[in-house]
Participant: 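Once you've had a glance at the structure underneath, I'll fire off some questions.
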Amino acid sequence: MEDVVLHHQSGSADGLRSLLERTEKLLETFPCRPPPVFMPWFPSAAAGPRRQIRPAKPAPVITSAESPPEKTQRSEEAVCVSETPKLLLPPPLRHRAEGAISPQKHKDGAFRASPLERSWSAAMPRGVPPQKSLSQLFDRVVSAHRLHLRQRAKWVIREHNCGAAQDIEQVWRTLSRSVRRAGMPTCNANIQRDRAEIWVFCDVLYSEQVGRLLKAELQLTGTIVLSVHRQGNVFSM
Amino acid sequence: MTTLTRQDLNFGQVIADILCEFLEVAIHLILYVREVYPSGIFQKRKKYNVPVQMSCHPELNQYIQDTLHCVKPLIEKNDAEKVVVVIMDKEHHPVERFVFEISQPPLLSISSETLLSHVEQLLRAFILKISVCDAILNNNPPGCSFTVLVHTRDAATRNMEKVQVIKDFPWIVADEQEVHMQEPRLIPLKTMTSDIVKMQLYVEERAQKT
């Protein structure tokens with residue numbers, strides 16, 4: 001401990017003595033209470049692995065690309081619930097989903113992630129430069145329906161658009177890759193497995209460009225339909 | 001003060017309700033604090049009069065609820081010694097274990113301290129400790145997942161049907177790999193003692209996480 005220098009006003013000897021006593025008391029080591037020793041009540045060494053159990057099903061994996069589903073469920077696009085195994089859906093949805101595809105039980109008795117009722121993917125604001133010009137035909141459609149260019153529109157891809165060479169799941173996988181690498185401006189998409197449809201949402205401004213990209217990249221056949229909330233089908237390609 | 005056995009007033013069920021409600025809050029908070037899931041899926045709520053983070057992702061919420069639904073009968077019958085939230089790396093090796101040790105007295109003494117408000121005050125202290133535990137723990141590697149381990153007494157594991165109360169939510173005995181942790185660092189977080197339940201929480205942290 002370093003030396004302590006006490007400065008005081010000269011006065012009575014008693015006053016100095018009491019001042020010294022008080023100072024010595026203040027400089028005493030602060031009493032410390034040793035904390036109680038922490039001991040696990042049930043040491044792990046005593047318990048064999050036989051006694052430790054866990055759910056067979058792994059916890060869900062959620063990537064940061066997925067948005068909180070409950071937050072978005074109320075909007076039109078929020079049918080885009082993220083990868084939801086049917087087992088985990090609420091009972092009414094589960095029954096509906098089970099009608100389509102049943103969950104897969106493996107040899108060890110565990111249920112693996114089963115086919116999903118709905119999945120979604122969303123484009124990042126980068127990638128292919130968007131084209132802002134509209135064809136004359138589409139411009140007339142926009143005017144006729146008084147659409148706002150930033151209004152959302154929905155392309156619907158049905159099973160018959162997939163052609164003979166691929167099914168809707170393959171189309172969905174290709175589309176997801178394309179949307180995620182931002183190949184389609186302002187897009188987010190989801191698959192409605194119970195309807196066997198893929199819904200691709202985008203701004204009206206880019207919907208023609210998106211439609212062309214969809215048909216070319218996904219090698220779609222037949223006509224795909226563009227619909228707008230409240231107006232219904234407004235355009236086809 | 002009145003002394004009761006576990007059968008009186010179905011105290012086991014009351015304790016299981018209280019603890020499972022607490023464990024649900026604690027698991028959500030641990031997953032948030034230890035960044036097992038993206039912070040975007042969590043929302044701020046209030047529980048035990050303190051802010052907590054709860055997941056709003058239906059799959060995760062359902063998973064936690066199903067897990068606790070199966071744990072509840074074990075706590076009710078005093079068959080669960082520990083409930084452990086294990087955070088695992090990509091190779092499924094544990095990096096952190098949040099161990100909730102639960103001890104229930106065979107005889108219950110009813111006093112003013114048994115009041116739910118008092119127990120909730122004690123539980124609140126656990127929540128507050130969990131919410132700041134990231135300050136004393138090292139960062140986890142990316143891509144971690146979690147599981148819940150339940151250390152049961154022998155009698156409970158012999159009868160696995162007891163645990164498998166949900167048809168599509170089977171339970172299995174944990175592998176040694178999921179349980180064993182190399183050179184763990186033990187960090188005590190909180191201990192509570194009340195008339196109806198004693199609980200302590202500590203973290204076992206792997207020395208080398210990466």
Side-chain angles (χ1 to χ4, degrees), chain A residues 35-73 78 81-91 93-94 98 102-106 108-114 116-119, chain B residues 31 36-43 55-64 66-67 70 74 81-82 84 86 92 97 99 101-103 143 145-154 156-157 160 163 168-176 178-181 184 186-188 191 198 200 202 204:
Chain A
V37 179
F38 180 87
M39 295 256 301
W41 292 335
F42 313 109
S44 295
R50 191 169 62 83
R51 298 172 65 190
Q52 300 177 32
I53 55 171
R54 67 165 179 86
K57 196 178 347 188
V61 176
I62 303 163
T63 59
S64 52
E66 293 179 34
S67 69
E70 283 181 2
K71 279 181 191 170
T72 54
Q73 249 167 359
V81 177
S82 61
E83 310 272 324
T84 312
K86 280 197 298 300
L87 285 172
L88 303 175
L89 291 170
L93 281 176
R94 195 185 303 172
E98 274 166 3
S102 63
Q104 294 167 351
K105 194 175 182 182
H106 286 243
D108 59 0
F111 285 88
R112 298 278 182 257
S114 51
L116 313 162
E117 192 189 47
R118 291 176 297 198
S119 312
Chain B
L31 298 179
V36 179
Y37 288 102
S39 58
I41 69 158
F42 292 90
Q43 280 183 337
S55 150
C56 56
H57 198 286
E59 288 173 47
L60 179 59
N61 295 2
Q62 191 64 51
Y63 184 82
I64 295 169
D66 285 349
T67 304
C70 298
L74 292 174
E81 281 180 347
K82 296 184 197 178
V84 188
V86 187
H92 295 280
R97 290 157 50 92
V99 185
E101 290 190 307
I102 300 160
S103 172
S145 58
F146 86 103
T147 191
V148 175
L149 285 182
V150 183
H151 292 231
T152 60
R153 295 177 212 289
D154 273 339
T157 36
M160 288 292 274
V163 192
D168 294 333
F169 202 78
W171 284 67
I172 56 172
V173 175
D175 295 335
E176 177 64 20
E178 294 158 341
V179 174
H180 184 69
M181 189 189 282
L186 194 143
I187 302 136
T191 303
K198 289 205 305 180
Q200 70 177 6
Y202 60 88
E204 286 177 346

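In what follows, chains carry the letters A, B, and so on, assigned in the order in which the sequence lines appear, proteins first and then strands, with residues in each chain numbered from 1.
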Participant: Using non-hydrogen atoms only, which part of B:Ile102 is less than 4.5 Å away from chain A: side chain, backbone, both, or neither?
Facilitator: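 Contact with chain A is through the backbone of B:Ile102 alone.
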Participant: At their closest point, which heavy atom of B:Thr152 faces which heavy atom of A:Ile53, and how far apart are they?
Facilitator: CG2-CD1, 4.0 Å
Participant: Check B:Tyr63 against A:Pro58 and note the closest heavy-atom contact, atom names and distance.
Facilitator: CE1-O, 3.5 Å
Participant: Which answer fits B:Leu186, side chain, backbone, both or neither, if we ask what part of it has an atom under 4.5 Å from a heavy atom of chain A?
Facilitator: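 It is the side chain, since no backbone atom gets that close.
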Participant: With side chain to side chain contact (heavy atoms under 4.5 Å, CB included) as the criterion, how do B:Val148 and A:Arg54 come out once you've worked through the C-alpha distance, each side chain's angles and the decisive distance to 0.1 Å?
Facilitator: CA-CA 6 Å; B:Val148 175; A:Arg54 67 165 179 86; over 6 Å; no
Participant: Tell me, for B:Ser145 versus chain A, whether the close heavy atoms (under 4.5 Å) come from the side chain, the backbone, both or neither.
Facilitator: neither
Participant: Could you look at B:Phe146 and say if it's the side chain, the backbone, both or neither that has a heavy atom under 4.5 Å from chain A?
Facilitator: both
Participant: Can you tell me how far apart NZ (A:Lys57) and CD1 (B:Ile172) are? Round to the nearest 0.5 Å.
Facilitator: 12.5 Å
Participant: With no hydrogens and no angle check, is any side-chain donor or acceptor of B:Glu59 less than 3.5 Å from a backbone partner on A:Pro60?
Facilitator: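 Between the backbone of A:Pro60 and the side chain of B:Glu59 there is no qualifying donor-acceptor contact (under 3.5 Å).
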Participant: Spell out, as yes or no, whether a donor-acceptor pair under 3.5 Å connects the side chain of B:Gln200 to the backbone of A:Met39.
Facilitator: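 Between the backbone of A:Met39 and the side chain of B:Gln200 there is a qualifying donor-acceptor contact (under 3.5 Å).
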